[in-house]
Q: 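This is the structure I have questions about; it appears just below.
Source: prediction; values computed, not measured. Numbers here simply count residues along the sequence, with the first being 1.
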Amino acid sequence: MKKLAIGAAAATAVTIALAATGYAQNTQAPGYMIANYTIKDDAGYQKYMEEAGPLAPKYGGKIIVFNLNATAVEGQPKKVIAIAEFPSLADAQRFYNSPEYTAARTFRVASTEGTVVITEGFVPPQP
């Protein structure tokens with residue numbers, strides 16, 4: 001009986017530790033790179049897509065929004081909207097500043113007009 005009680009206490013402690021670790025991981029805000037631009041040079045933009053396309057996953061990122069003809073409902077944003085999500089703001093910054101993306105980015109900058117923002121995502125308060 002004593003072994004059973006010790007085993008149950010140990011299992012409870014491990015469960016609490018795992019839950020706390022899971023909570024900590026779930027409370028880290030993701031990082032996002034949000035681009036909004038108009039393409040001025042299709043050939044240059046195609047080169048950017050070829051170079052940049054496979055890079056985000058190398059930094060834990062994934063493209064969650066990509067639309068070449070987004071519809072504006074307010075204001076005057078550009079036509080293209082792209083959002084890449086990363087595990088953290090630091091990961092998004094590492095991607096943006098990486099040598100590979102810096103080289104690819106030159107094609108986008110030369111062939112588009114618009115903005116790119118890197119931001120931390122929202123994590124709702126936990127009860």
Q: When hydrophobic residues are tied together by side-chain contacts of less than 4.5 Å, even through go-betweens, does V116 share a cluster with V80?
A: yes
Q: Assess whether side chain to side chain contact (heavy atoms under 4.5 Å, CB included) is satisfied between K79 and Y37, documenting all intermediate values.
A: CA-CA 6 Å; K79 284 288 190 186; Y37 48 81; over 6 Å; no
Q: Just verifying a value: how many Å separate K58 NZ and R94 CZ, rounded to the nearest 0.5 Å?
A: 15.5 Å
Q: For residues F95 and F86, establish whether the separation of their ring centroids is below 6.0 Å.
A: yes
Q: For S98 and Y101, work out which heavy atoms get closest and say how close.
A: OG-N, 3.1 Å
Q: Could you check if a side-chain atom of Y48 sits within less than 4.5 angstrom of a side-chain atom of V109, using non-hydrogen atoms only?
A: no
Q: Looking at every non-hydrogen atom in both residues, tell me the closest pair between A92 and Y32 and how far apart they are.
A: CB-N, 4.4 Å
Q: To the nearest 0.5 Å, what is the distance between CG (L89) and CD (E120)?
A: 5.5 Å
Q: What is the minimum heavy-atom distance between G60 and P87, and which atoms define it?
A: O-CD, 3.1 Å
Q: Please name the residue in the list V65, N36, V117 that meets the side chain to side chain contact (heavy atoms under 4.5 Å, CB included) test with I83.
A: V65
Q: Check for me, please, whether M33 and I63 land in the same ILVMFWY cluster - side-chain distances under 4.5 Å, paths through other members count.
A: yes
Q: Taking all non-hydrogen atoms of both residues into account, name the closest pair between P54 and P57 and its distance.
A: O-CD, 3.6 Å
Q: Can you confirm whether I118 sits close enough to I34 that some side-chain heavy atom of one is under 4.5 Å from a side-chain heavy atom of the other?
A: no
Q: Looking at every heavy atom in both E74 and P77, which two are closest together, and how far apart are they?
A: O-CD, 3.5 Å
Q: Give me the atom names and distance for the closest heavy-atom approach of T106 to A103.
A: OG1-O, 2.7 Å
Q: Could you tell me if Y45 and E50 have a donor-acceptor pair between their side chains, going purely by distance under 3.5 Å?
A: no
Q: The test is side chain to side chain contact (heavy atoms under 4.5 Å, CB included); show your working for V123 and Q28 and say whether it passes.
A: CA-CA 7 Å; V123 176; Q28 180 177 3; over 6 Å; no
Q: What is the distance from atom CZ of R108 to atom CG of D41, rounded to the nearest 0.5 Å?
A: 13.5 Å
Q: Could you measure the distance from the CD1 atom of I39 to the CE atom of M49? Nearest 0.5 Å is fine.
A: 8.0 Å
Q: Just how far is it from atom CG of L55 to atom CD of E100, taken to the nearest 0.5 Å?
A: 6.0 Å
Q: To the nearest 0.5 Å, what is the distance between NZ (K40) and CD (E113)?
A: 5.5 Å
